[in-house]
*Asks:* 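Before we start, here is the structure in question, set down as structure tokens.
In what follows, every heavy atom counts, from backbone to side chain, and hydrogens, waters and symmetry copies are set aside. In listed order, ligands and their atoms are each counted from 1.
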Amino acid sequence: MHHFERIDGALHAEGVSLEALAGAVGTPVYVYSTATLTRHYGLLREAADAHRAVLGDALIAFAVKANANLSVLATLARLGCGADTVSEGEIRRALKAGVPGDRIVFSGVGKTDAELAFAIDAGVRQINIESAVELDRLIAVAAGRGASPEIAIRVNPDVGAGGHAKITTGGATDKFGVPFADAPALYARAAASPHVTPVGLACHIGSQITTLEPLEAAFRALRGMTLDLRARGLTVSRLDLGGGLGVPYHGQSDLPSIADYVAMAAGVLEGLEVEAAFEPGRLLAANAGVLLSRVIQINERGDGRRFAVLDAGMNDLMRPALYDAFHDLVPVRPREGESVTYDLVGPICESTDVFARDRPSSPLQAGDLVAFMGAGAYGAVLASEYNSRPLVPEVLVDGDRWAVVRARPGYDEMFEREPTAAWL
Ligand code: LLP
């Protein structure tokens, strides 16, 4: 569900006209809805609280990689949301947005010593360890600081899942997590060190997962490992269940609901007496954002193929080029007339700069505004200045008010970051 709806025929973000916004800020631009972020967080919070007896005071840690905008993070932080981070930059963003250190989880497959030290000093809640060598490095870094940070071991349950091969992380050949068979020895080694405090296990098997079965299999594996570790006398008090639940990019109605997902998790963890954590990214942010763009021109070929050339390109929204991802395209003020089939393309000089082939739409003309739906997660964060296009700006809407929360850089600003070498 989201809060981008038509008022008097034109698409709005909550109470704000996208036509007016495009006029004021220009296009392309990402537009986020506070009400949608709030609703999604609220549904997850409510579901987790309903299962408090099993899940404890569950942490909801937004995966910052999905949308790292400081105002988006601050919106979630004010609701009590934590942050799942994978770099010093993300930890810094979460802290700056008002997420307390004790709600920040530090994950990631390649944390540098400097990042580990930063995370310890920032007092993060938990560092998720992904390999034996990383554990050794953390022990060394923590020893040097006289610290003993709380850690979880991220296991790889060998349950691969996700909307595309490129976003699956839990398979045995994926680079993520500690192989299941190695986890007990590693956990025991961590427990024996005075410089780390192992508190639990973590997993994350993939993204855009549209059925509960693989998630349930992974959670069951975590349960089994918890019992195994406890039988060895080790303490396991937290389970980090990762993110991964999919969203209805195609308007599907058969996706598991947030309530079903959490009920499933509670069913699996029943009786374990652990505190759970969820790390949703897409679930909270995807439908809370659109990418607003303008049609530059319609190129019509002799063979009947029609290209709608947009002012947004793959540098602004990478998902279709990277993962063949589907984003619905909605004209902001649809024209009357029979549906027409377009190839939706950007202006970038790359043949992958195609958002969709043969997409039916109401008739489009040069100058029309269109919105890519479901673009609030893994949209702006993946944008670049390829083809020397200024980085796409971001706007946050809240009811009738809006603010530019990331400005479009001017060309001088872009060039200032590139001092010309002194000898030129
Ligand atoms: N936790 C960890 C450890 C993760 O690696 C991820 C995402 C998440 C949580 C959040 O997953 P989500 O709830 O958003 O599925 N760029 C790709 C998605 C990459 C996901 C990477 N990891 C896309 O646009 O589809």
*Asks:* Does ligand 1 have an atom that lies less than 4.0 angstrom from a heavy atom of Ala377?
*Replies:*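 Flag not set, Ala377 not near ligand 1.
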
*Asks:* Identify which of Glu279, Arg282, Glu130 has a heavy atom lying nearest to atom 1 (N) of ligand 1.
*Replies:*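 Heavy atom nearest to atom 1 (N) of ligand 1 belongs to Glu279.
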
*Asks:* Applying side chain to side chain donor-acceptor pair (under 3.5 Å) as the test, list every pair that has at least one member in residues 138-152; sequence neighbours left out.
*Replies:*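 Side chain to side chain donor-acceptor pair (under 3.5 Å) check on residues 138-152 returns Asp121-Arg145, Ser148-Thr197, Glu150-Arg238.
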
*Asks:* Counting from 1, what ligand 1 atoms have a heavy atom of Arg154 closer than 4.0 Å?
*Replies:*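 In order of number, 3 (C).
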
*Asks:* Tell me if the centroids of the rings in Phe326 and His250 come within less than 6.0 Å of each other.
*Replies:*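 Aromatic pair counts; centres sit under 6.0 Å.
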
*Asks:* Find all atoms of ligand 1 within a distance of less than 4.0 Å from any non-hydrogen atom belonging to Lys65, and give their numbers and elements.
*Replies:* 2 (C), 4 (C), 5 (O), 6 (C), 7 (C), 8 (C), 21 (C), 22 (N)

*Asks:* His51: what forms a side-chain contact (heavy atoms from CB on, under 4.5 Å) with it, not counting sequence neighbours?
*Replies:*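 side-chain contact (heavy atoms from CB on, under 4.5 Å) check on His51 returns Leu55, Val262, Ala263, Ala266.
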
*Asks:* With atoms numbered from 1 as shown, which atoms in ligand 1 lie under 4.0 angstrom from a non-hydrogen atom of Pro280?
*Replies:*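 It comes down to these atoms of ligand 1: 13 (O).
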
*Asks:* Does Gly242 come within less than 4.0 angstrom of ligand 1, counting non-hydrogen atoms of the residue?
*Replies:* no

*Asks:* When you check the side-chain N and O atoms of Glu350 and Tyr386, is any donor under 3.5 Å from an acceptor?
*Replies:*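 The criterion, which ignores hydrogens and geometry beyond distance, is satisfied for Tyr386 and Glu350.
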
*Asks:* Less than 4.5 Å apart, side chain to side chain, heavy atoms only: is that true for Asp328 and Tyr249?
*Replies:*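 They are not in contact (no side-chain heavy atoms under 4.5 Å apart), so the answer is no.
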
*Asks:* Does Gly244, backbone or side chain, put an N or O under 3.5 Å from an N or O of ligand 1?
*Replies:* yes

*Asks:* Counting both backbone and side chain atoms, is some N or O of Asp84 under 3.5 Å from an N or O of ligand 1?
*Replies:* yes

*Asks:* Give the numbers and elements of all ligand 1 atoms closer than 4.0 Å to a heavy atom of Gly243.
*Replies:*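 Here the atoms of ligand 1 in question are 9 (C), 13 (O).
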
*Asks:* Is ligand 1 less than 4.0 angstrom away from at least one heavy atom of Met318?
*Replies:*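 Per 4.0 Å heavy-atom rule, Met318 does not contact ligand 1.
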
*Asks:* Would you say Gly281 has any N or O atom under 3.5 Å from an N or O of ligand 1, going by distance alone?
*Replies:*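 Checking ligand 1 against Gly281, an N or O pair does fall under 3.5 Å apart.
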
*Asks:* Using only heavy-atom distances, determine whether the side chains of Glu130 and Asn128 contain a donor-acceptor pair under 3.5 Å.
*Replies:* no

*Asks:* Would you tell me whether Asn287 and Thr36 have side-chain atoms, one donor and one acceptor, within less than 3.5 Å of each other?
*Replies:*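 No.
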
*Asks:* Are Ser384 and Asn315 close enough, and set up right, to give a side chain to side chain donor-acceptor pair (under 3.5 Å), and what steps lead you there?
*Replies:* CA-CA 5 Å; Ser384 76; Asn315 70 303; 5.0 Å; no

*Asks:* Side chain, backbone, both or neither: which applies to Ser207 and ligand 1 if a contact is any heavy-atom pair less than 4.0 Å apart?
*Replies:*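 Both backbone and side chain of Ser207 come within 4.0 Å of ligand 1.
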
*Asks:* Please state which part of Arg319 comes within less than 4.0 Å of ligand 1, counting heavy atoms only: side chain, backbone, both or neither.
*Replies:*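 Side chain only.
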
*Asks:* So, Arg154 and Asp240, do they make that salt bridge, N to O below 4.0 Å?
*Replies:*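 Salt bridge flag = no for Asp240 with Arg154.
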
*Asks:* Of all the heavy atoms in Leu283, does at least one lie under 4.0 Å from an atom in ligand 1?
*Replies:* no

